[in-house]
**Student:** 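Have a look at this one before I ask anything.
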Amino acid sequence: MDAQRCETCGNETDRCFTVSWHGISYAFDSFECAIHRLASICSHCGCRIIGHGVQAGGRTFCCEHCSRMAGQGIVLDHA
């Protein structure tokens, strides 16, 4: 197998895996790099949303606490 370059860190290895998302294919050498590149970011605290997250007011948050801190009331859990 030919070496591929990780989309996030640039590491070149023959152990990369490919993720197709919204019609685009990405190569990564670790789940950490895939999360860093593809995961949504909380509109309040800025952390990467690895779980379901919640939406309120057209924004995405990592949890209900962050949505409340941002002044949002009702949230939608995307479980």
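Predicted, not measured: the structure shown is a model, and the values here were computed from it.
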**Student:** About how many Å separate OG1 of Thr13 and CG of Asp29, when rounded to the nearest 0.5 Å?
**Tutor:**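 Here the rounded value is 7.0 Å.
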
**Student:** Give the minimum heavy-atom separation between Cys16 and Cys6, together with the two atoms involved.
**Tutor:**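 For Cys16 and Cys6, the tightest heavy-atom pair comes out as SG-N, 4.1 Å.
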
**Student:** Which atom names give the shortest non-hydrogen contact between Cys62 and Cys42, and what distance separates them?
**Tutor:**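 In terms of heavy atoms, the two residues are closest at N-SG, 3.4 Å.
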
**Student:** Looking only at heavy atoms, which two atoms of Ile41 and Ile49 are closest? And how far apart?
**Tutor:**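 That closest heavy-atom pairing would be C-CD1, 3.9 Å.
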
**Student:** List in chain and number order the residues that pass side-chain contact (heavy atoms from CB on, under 4.5 Å) with Ser20, two or more places apart in sequence or in another chain; answer none if no residue qualifies.
**Tutor:**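 Partners of Ser20 by the side-chain contact (heavy atoms from CB on, under 4.5 Å) criterion, ordered by chain and then number, come out as Ser25.
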
**Student:** From Asn11 CG over to Gln4 CD, what is the distance, rounded to the nearest 0.5 angstrom?
**Tutor:**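 Taking CG in Asn11 and CD in Gln4, the distance rounds to 11.5 Å.
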
**Student:** Under 4.5 Å between side-chain heavy atoms, chaining through other members, with only Ile, Leu, Val, Met, Phe, Trp and Tyr counted: pull out the rest of the cluster around Phe31, sorted by chain and number.
**Tutor:**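 For the cluster that includes Phe31, the remaining residues are Phe17, Val19, Trp21, Ile24, Tyr26, Phe28, Leu38.
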
**Student:** Hey, does Asp2 have a side-chain heavy atom less than 4.5 Å from the side chain of Asp14?
**Tutor:**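 Result no, sub-4.5 Å side-chain heavy-atom pair not found.
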
**Student:** Would you mind listing every side chain to side chain donor-acceptor pair (under 3.5 Å) that reaches into residues 56-69, with sequence neighbours excluded?
**Tutor:**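 Listed by first then second residue: Gln55-Thr60.
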
**Student:** For Ser30, enumerate each residue passing the side-chain contact (heavy atoms from CB on, under 4.5 Å) test, keeping only those at least two apart in sequence or located in another chain.
**Tutor:**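 Only Glu32, Cys33 meet the side-chain contact (heavy atoms from CB on, under 4.5 Å) criterion with Ser30.
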
**Student:** Transitive ILVMFWY cluster of Met69 at side-chain heavy atoms under 4.5 Å: who else is in it?
**Tutor:**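 ILVMFWY cluster around Met69 holds nothing else.
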
**Student:** Any side chain to side chain donor-acceptor pair (under 3.5 Å) pairs touching residues 36-49, not counting sequence neighbours?
**Tutor:**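 Found none.
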
